[in-house]
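The structure appears right after this line, and notes come after that.
Nothing here was measured: the structure is a model prediction, and the numbers come from that model.
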Amino acid sequence: MKLMPALAAPLRPVLVGAVALALVGGAAACARPGVQGTAGSRPLDRGAGGDRGTPPVPGTSVDLARRITSFTDRINQDGRYRIPAVHDRRAVADGVRLFLDGDRAGAERTLATAGYTVRTLVDQPGGGQYAEIADATVDGEATRGWGRVYIDLRGPARWSVQVPHPTADQRTEQLGIGLLRDVRGGVLILAGAYRTVGDGESGETDAADVAHRSDSVFAAVADALADRRMPAVQVHGFADSSLPDHDVVVSPGKGNAGLPSARRLASGLRQEGLRVCEVWQRECGRLEGRTNVQGDHADAVGVPFLHVEHSRRVRFDDGLVAKAVRALSEVVERWRTGRG
């Protein structure tokens, strides 16, 4: 039907505007997270940490290694620790679960009940984004010593690395940082107090030894991840004099679910020129990692768990740390891709 000239001119801008709005609306639908978009766009991963269907919060630019190291450098034998109440442990673990499910708002509300918060960080060396789940205040972090959790936002969470004894097992956090940066889909669980520190309220000794205590935020988060079928590697350190003929001790922990991965790791470490003690082959001093509570829970749910001890010689040599991380990364990459 032809429009009369007197009507056509006034309607032309309206028609053009309607077409433009339709085009913009279509483009927006294509770009919406979770909806197939144009070249270069991708759906938001469930582990990416945004509210359901929304992009991650813009992050603060940091050097992730420097940020984590500055935190662990403040951990010492004169520090303070308080055994968390059951509801606090549950709140942090539930907050991590919600975040991994993509419900950031729900995670933040839950974490806030335990005095925790979520921060988004952009690692400057590579541009990778990470979520930091930690105390909301510096004072809370210093007086409670419950630690932090870092989540890689580059893909769905598939594995974890645990650092239960920072400072006491010097520079073990460097192994955790290297692994988190190297393989996508990781979660780093980091203790927040020196292992021999007692509870400031009850006076209970060694309360901060989270590898052997089930009443910690560290253990609650580790258990929550194991319940999600996420395999884990826990890194430790030993004095060179404890096992002078070896650089690394590899153990599948209490159970055998992690034994195939432990064998691969031992082989990879040897290829890097490191001397390996395999606990399934021989005794390796008192470094077998059979009593760690995180390994107990992993065994109970049938999830691979690796307990890996590194000599001081390895931990204090950046080149050897890089070799250890490369060997670990090969194993963890198999976990990430479901080949573990």
Side chain [X], main chain [Y], donor-acceptor under 3.5 Å:
| X | Y | answer |
| --- | --- | --- |
| Ser267 | Arg263 | no |
| Arg264 | Val331 | no |
| Arg315 | Gln170 | yes |

task: Report yes if some heavy atom in the side chain of Trp159 is under 4.5 Å from a heavy atom in the side chain of Asp152; otherwise report no.
output: no

field: Any side-chain heavy-atom pair of Pro125 and Arg181 under 4.5 Å
entry: yes

- prompt: Per the salt bridge (Lys or Arg N to Asp or Glu O under 4.0 Å) rule, which among Arg312, Arg275, Lys323, Arg270 passes with Asp247?
  reply: Arg275

message: I'd like to know if the side chain of His212 pairs up with that of Asp206 as donor and acceptor (distance under 3.5 Å, no hydrogens or angles considered).
response: no

Donor on one side chain, acceptor on other, Arg104 and Thr120, under 3.5 Å: yes

query: Does the ring centre of His310 sit less than 6.0 Å away from the ring centre of His236?
result: no

message: Quick check: closest heavy atoms across Arg213 and Asp215, and the distance to 0.1 Å?
response: NH2-OD2, 2.8 Å

message: Looking at every non-hydrogen atom in both residues, tell me the closest pair between Cys284 and Val249 and how far apart they are.
response: CB-CG1, 3.8 Å

message: Between Arg74 and Glu141, does any side-chain N to carboxylate O distance fall below 4.0 Å?
response: yes

Audit row: Glu288, Ser251, side-chain hydrogen bond (donor to acceptor under 3.5 Å, both in side chains) steps and yes/no: CA-CA 6 Å; Glu288 288 87 356; Ser251 169; over 6 Å; no

